Amino acid sequence: VALVSLILLLITNFTLDVYQSYISIASSSVLLAAAYISIYFVAIFGIIFYILNAIKSYVNLKDAFKIQNQTANVESYDQEKEIALIILNHYKSHQNDNIRDKAVVLAEKVQTNSIHSPFLTIKNEIINDLDKEAANTLYMSAKEVSLFTAFSPGSALDSLAVIFSSVKLMKKVFHIYGYKTNIFTSLLITRKILENASLAALMEYSDDTLSDMLGNTFFAKISVKVGQGLGNGVLMLRIGNMIIQSARPFASDGSLGSYKHMVKLFMEYIKEKVGKKNE
């Protein structure tokens, strides 16, 4: 509501400025004034078109969050069938041709009652593939944050890195699951991202304690900074896992593994990379 009010206020101020300029220009050249006002109308229609599309995406994403609750509380086959068709209708417009074709085929089978368990079939045929792609994207993002924050000079940059990477990850993950992100849809989950990202700055306090324990040697400082980088990478896994669970049409069912399992895999990946470099 606040964002829409701000946009309306800006449009109103913009319109008043254009009107005053139009009156001034019209006094010297009617043709130039007509061209000026035409540009204004084109710009306004463009802004309105963008806002309407953004609101539509916002509503679709909000409905998707409701679908996740409905899939977790389905009580009958008819209800499962109805919700499954809504999910498949979404994936019929997916950017991936393979996903789109699967959704079309499965929708026909659901409509003809050819599938005994629509939810399980959708998970196996569509969602599992998207989960794997989203998980790989998450691990890459965590690795980038770890490397950057391990060599950054301070906690302020660490927080910015986590926030920037979280927003970028959010767009990628929701794109994988077939949703468009914009300023309206981003507001649905950005608050949670910022809450988690603030922890990156708090990690600096633990660094002081570790420095006292390890000493003030150059090696100790490097070790602490590397530890901070790994901590921020793990933090990205936490944020990314929340984003993925928000984007899926089904509540977490263990297909991605637990958060602790994701952290374990990430640590093993880092150890493997470090071991190769040392060799």
Side-chain angles (χ1 to χ4, degrees), residues 1-67 86 89-96 100 137 141 144-145 148-149 152-201 236 239-240 242-243 246-247:
V1 174
L3 182 61
V4 172
S5 300
L6 177 61
I7 292 174
L8 290 175
L9 179 62
L10 291 175
I11 291 176
T12 301
N13 290 335
F14 176 57
T15 301
L16 291 174
D17 290 340
V18 169
Y19 176 73
Q20 292 175 355
S21 299
Y22 170 76
I23 296 297
S24 176
I25 295 173
S27 61
S28 57
S29 174
V30 177
L31 185 62
L32 189 60
Y36 179 76
I37 203 68
S38 299
I39 294 173
Y40 161 77
F41 280 117
V42 170
I44 286 295
F45 283 130
I47 293 172
I48 293 174
F49 180 77
Y50 172 80
I51 292 175
L52 290 177
N53 277 333
I55 293 175
K56 181 181 177 181
S57 298
Y58 177 88
V59 172
N60 290 338
L61 189 56
K62 203 168 184 179
D63 290 341
F65 292 156
K66 292 179 181 178
I67 288 293
I86 295 174
N89 186 57
H90 165 69
Y91 287 109
K92 283 181 182 179
S93 58
H94 196 274
Q95 64 274 5
N96 187 304
R100 192 163 57 239
T137 301
S141 181
E144 290 174 1
V145 169
F148 179 83
T149 57
S152 68
S155 60
L157 281 179
D158 291 353
S159 295
L160 289 175
V162 172
I163 293 172
F164 176 78
S165 297
S166 298
V167 173
K168 187 170 69 170
L169 178 64
M170 178 190 67
K171 291 182 178 181
K172 288 182 179 179
V173 168
F174 275 84
H175 180 72
I176 289 172
Y177 288 95
Y179 296 103
K180 295 180 180 179
T181 56
N182 51 57
I183 190 170
F184 289 93
T185 55
S186 298
L187 288 175
L188 285 175
I189 53 180
T190 297
R191 180 177 60 86
K192 291 183 180 179
I193 291 175
L194 291 174
E195 288 174 355
N196 285 285
S198 63
L199 295 176
M236 278 301 301
I239 297 172
M242 180 266 298
I243 294 173
S246 299

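Keep in mind that what you see is a predicted model, and the values were worked out from it rather than measured. Side-chain atoms are counted along with the backbone in the values below, which use heavy atoms only and exclude waters and symmetry mates.
Side-chain atoms of H90 come within 3.5 Å of backbone atoms of Y177 as a donor-acceptor pair (strictly under, hydrogens ignored).
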Stepwise side chain to side chain contact (heavy atoms under 4.5 Å, CB included) check, I86 with I67: CA-CA 9 Å; I86 295 174; I67 288 293; 3.9 Å; yes

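Applying the side chain to side chain donor-acceptor pair (under 3.5 Å) test to Y40 and every residue at least two apart in sequence or in another chain returns T15. Under the rule for a salt bridge (charged side-chain N to carboxylate O under 4.0 Å, His left out), the partners of K168 that lie at least two apart in sequence or sit in another chain are E144. Remark: F41 pairs with I37, F45 by the side-chain contact (heavy atoms from CB on, under 4.5 Å) rule, at least two apart or across chains. Taking H94 as the reference, Y91, N96, I99, L130 meet the side-chain contact (heavy atoms from CB on, under 4.5 Å) condition, with sequence neighbours excluded.
Taken from CZ in F174 to CG in L169, the straight-line distance is 10.0 Å, to the nearest 0.5 Å. To the nearest 0.5 Å, atoms CD1 (I243) and NZ (K171) are separated by 12.0 Å. Between the CD1 atom of I239 and the OG atom of S165 there is a distance of 9.0 Å, given to the nearest 0.5 Å.
Under a cut-off of 6.0 angstrom, the local environment of NZ in K92 is crowded, with over 12 non-hydrogen atoms contributed by other residues, nucleotides or ligands. More than 12 heavy atoms of other shown residues, nucleotides or ligands fall within 6.0 angstrom of atom CG in L52.
Among residues at least two apart or in separate chains, there is no side chain to side chain donor-acceptor pair (under 3.5 Å) pair with a member in residues 17-28.
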